[in-house]
Amino acid sequence: MQIAFIGGGPMTTGLVGGLRSGGVPPDTIIVADPLEVARTRLVGEFGVRCTADNVAAIRDAEVVVLAVKPQDMATVALGLAAALAARRRVVISVAAGIRIPDLARWLGPLTPIVRAMPNRPALIGAGVTALHAAPDVQPAERAAAERVMSAAGATLWVDEEAQMDVVTAISGSGPAYFLLLAEALEAAGMELGLPQDTARRLAVETARGAGRMAAESAETPSRLREQVTSRGGTTAAALEVLETADVRGIFGRAVAAATQRAAALADQFGGG
């Protein structure tokens with residue numbers, strides 16, 4: 001399978017790195033980027049082919065990954081439309097907020113399009129990517145898109161495109177929520193007398209362990225939390241403070257705000 005990436009930034013770097021680590025040959029991957037420094041870095045690090053010409057990059061590709069900024073998507077997509085019309089190949093967009101109808105308007109109505117929403121941990125192969133396919137995307141094309149995006153971590157499909165705004169709020173923005181919690185735990189530990197390096201390591205390693213427990217256990221996060229919480233113990237005392245402060249409501253409002261912002265950005269960048 002020949003894969004072309006348009007844009008050689010961090011997300012492409014993470015995906016290419018994952019593909020290469022998974023055994024994908026370098027001569028099956030090509031990256032187009034206008035910056036020579038980006039092309040030189042990708043060639044040196046992964047041995048893949050690079051070009052400054054977007055159209056040349058997709059000439060032999062079976063999968064095209066559009067990894068450009070949302071504000072640049074219309075220009076890039078319109079520049080590829082004629083070449084994409086010549087032969088069917090699946091296009092994956094990892095640009096946050098750009099909807100499939102807008103992509104189809106720019107790329108051409110016959111282009112099979114998959115939207116992908118990876119998150120920041122994808123850069124180290126520990127991400128999760130939500131995928132949504134246009135109705136005309138065939139099963140083999142969906143499978144090809146999933147193979148590419150699984151190089152960055154776990155994948156899942158959502159049935160309705162409107163759900164991608166919620167995905168953006170949960171997993172796209174989500175790493176910042178957990179990092180804020182780690183930051184707050186570090187600060188609390190320091191305030192109570194721990195050295196900074198000790199407080200930071202405790203917070204980060206606890207986050208790592210809790211994440212693995214949630215990912216690897218058959219139990220729900222709620223049940224795992226209950227197992228950690230002894231009646232009348234230290235955890236119960238801490239959780240009482242958090243519940244009294246309406247921590248669940250705070251997160252609900254935060255995710256709603258992020259969802260609304262994702263929809264607003266889609267309206268803004270999809271109007272080109």
>> I'd like to know if Arg87 pairs up with Asp60 as an ion pair, taking the criterion as any Lys NZ or Arg NE/NH1/NH2 lying under 4.0 Å from an Asp or Glu carboxylate oxygen.
In response: no
>> Between Phe269 and Leu80, is there shared hydrophobic-cluster membership here, with clusters defined by ILVMFWY side-chain heavy atoms closer than 4.5 Å?
In response: yes
> Considering the options Glu205, Glu186, Glu183, which one meets the side-chain hydrogen bond (donor to acceptor under 3.5 Å, both in side chains) requirement together with Arg200?
Replying inline: Glu186
> Mind checking whether Val114 and Trp157 have side chains closer than 4.5 Å, heavy atoms only?
Replying inline: yes
> Any idea which heavy atoms bring Ser93 and Met73 closest together, and the distance?
Replying inline: OG-CE, 3.6 Å
>> Using side chain to side chain contact (heavy atoms under 4.5 Å, CB included), reason through Leu15 and Met149 one step at a time and then give a plain yes or no.
In response: CA-CA 7 Å; Leu15 287 167; Met149 298 310 301; 4.0 Å; yes
> How far does CD of Gln227 sit from OG of Ser222, to the nearest 0.5 angstrom?
Replying inline: 10.0 Å
> Taking all atoms of both residues into account, what is the closest heavy-atom pair of Pro175 and Ser171, and its distance?
Replying inline: CD-O, 3.0 Å
> Any side-chain heavy atom of Thr220 sitting closer than 4.5 Å to one from Leu224?
Replying inline: no
>> Could you go through Thr229 and Leu239, starting from their C-alpha distance and side-chain angles, then the distance that decides it, and tell me whether this counts as side chain to side chain contact (heavy atoms under 4.5 Å, CB included)?
In response: CA-CA 9 Å; Thr229 310; Leu239 291 178; 3.4 Å; yes
>> The test is side chain to side chain contact (heavy atoms under 4.5 Å, CB included); show your working for Val68 and Ile6 and say whether it passes.
In response: CA-CA 7 Å; Val68 299; Ile6 307 301; 4.2 Å; yes
> Do Leu123 and Phe5 sit in the same hydrophobic cluster, where Ile, Leu, Val, Met, Phe, Trp and Tyr count as joined when their side-chain heavy atoms come under 4.5 Å apart?
Replying inline: yes
> Are Val91 and Val94 connected in a single hydrophobic cluster, I mean Ile/Leu/Val/Met/Phe/Trp/Tyr linked by side-chain heavy atoms less than 4.5 Å apart?
Replying inline: no
> Below 4.0 angstrom, N of the basic side chain to O of the carboxylate: do Arg89 and Glu62 qualify?
Replying inline: no
> Does some side-chain heavy atom of Ile113 sit less than 4.5 Å from a side-chain heavy atom of Val137?
Replying inline: no
> What are the two closest heavy atoms between Gln2 and Asp27, and how far apart are they?
Replying inline: OE1-O, 3.6 Å
> Closest approach of Thr51 and Asp53, non-hydrogen atoms and distance?
Replying inline: OG1-N, 3.0 Å
> How many angstroms lie between CG in Leu103 and CD1 in Ile92, if you round to the nearest 0.5 Å?
Replying inline: 12.0 Å
> Hey, is CZ on Arg59 packed in by over 12 heavy atoms from elsewhere, all under 6.0 Å?
Replying inline: no
>> Take a 6.0 Å sphere around CZ of Arg208 and say whether it holds more than 12 heavy atoms from other residues, nucleotides or ligands.
In response: no
> Going by heavy atoms in the side chains, are Trp106 and Val76 under 4.5 Å from each other?
Replying inline: no
> Does the side chain of Asp102 reach to within under 4.5 Å of the side chain of Arg105, using non-hydrogen atoms?
Replying inline: yes
> Counting distance only, does the side-chain N/O of Arg49 pair as donor-acceptor with the main-chain N or O of Val43 below 3.5 Å?
Replying inline: no
> Applying side chain to side chain donor-acceptor pair (under 3.5 Å), which residue pairs with at least one partner in residues 114-139 are found, sequence neighbours left out?
Replying inline: Arg115-Glu161
> What distance do Phe178 atom CZ and Ser173 atom OG have between them, rounded to the nearest 0.5 Å?
Replying inline: 12.0 Å
> Between Tyr177 and Val255, is a side chain to side chain contact (heavy atoms under 4.5 Å, CB included) present by the stated rule, with each step listed?
Replying inline: CA-CA 10 Å; Tyr177 312 154; Val255 171; 4.3 Å; yes
>> Hydrogens and angles aside, do Arg225 and Thr235 bring a side-chain donor and acceptor to less than 3.5 Å of each other?
In response: no
>> Tell me whether Thr13 contacts the main-chain N or O of Gly9 through its side chain, where contact means a donor paired with an acceptor under 3.5 Å.
In response: yes
> Do Arg99 and Asp267 touch side chain to side chain, with heavy atoms closer than 4.5 Å?
Replying inline: yes
>> Working to the nearest 0.5 angstrom, can you tell me the gap between Asp165 CG and Glu160 CD?
In response: 12.0 Å
> Do Thr12 side-chain atoms and Gly7 backbone N/O form a donor-acceptor pair below 3.5 Å?
Replying inline: yes
>> If the test is side-chain contact (heavy atoms from CB on, under 4.5 Å), which one of Val31, Val37, Ile30 qualifies with Leu42?
In response: Val31
> When you look at CD of Glu191, are more than 12 heavy atoms from neighbouring residues, nucleotides or ligands closer to it than 6.0 Å?
Replying inline: no
> Going only through I, L, V, M, F, W and Y residues with side-chain contacts under 4.5 Å, is there a path from Ile29 to Val64?
Replying inline: no
> Does Arg39 reach the main-chain N or O of Asp33 with its side chain, forming a donor-acceptor pair under 3.5 Å?
Replying inline: yes
> Are any non-hydrogen side-chain atoms of Arg20 and Val48 less than 4.5 angstrom apart?
Replying inline: yes
>> If hydrophobic clusters are built from ILVMFWY residues whose side chains come within less than 4.5 Å, do Leu84 and Ile3 share one?
In response: no
> How far apart are the closest heavy atoms of Met117 and Gly172, and which atoms are they?
Replying inline: CE-CA, 4.0 Å
> More than 12 foreign heavy atoms under 6.0 Å from CZ of Arg88: is that the case here?
Replying inline: yes
> Can you name the closest pair of heavy atoms from Ala169 and Ala258 and give their distance?
Replying inline: CB-CB, 3.5 Å
> For Arg147, does its backbone N or O pair with a side-chain atom of Ser150 as donor and acceptor, under 3.5 Å?
Replying inline: yes
>> Does this structure show an ion pair linking Asp72 with Lys69, if we count only N-O contacts that are shorter than 4.0 Å?
In response: no
> Are side-chain heavy atoms of Leu202 and Leu185 found at a separation under 4.5 Å?
Replying inline: no
> Can you tell me how far CG of Leu156 sits from CD of Glu146, rounded to the nearest 0.5 angstrom?
Replying inline: 9.0 Å
>> Using 0.5 Å steps for rounding, measure from the CG atom of Leu107 to the CG atom of Leu78.
In response: 8.0 Å
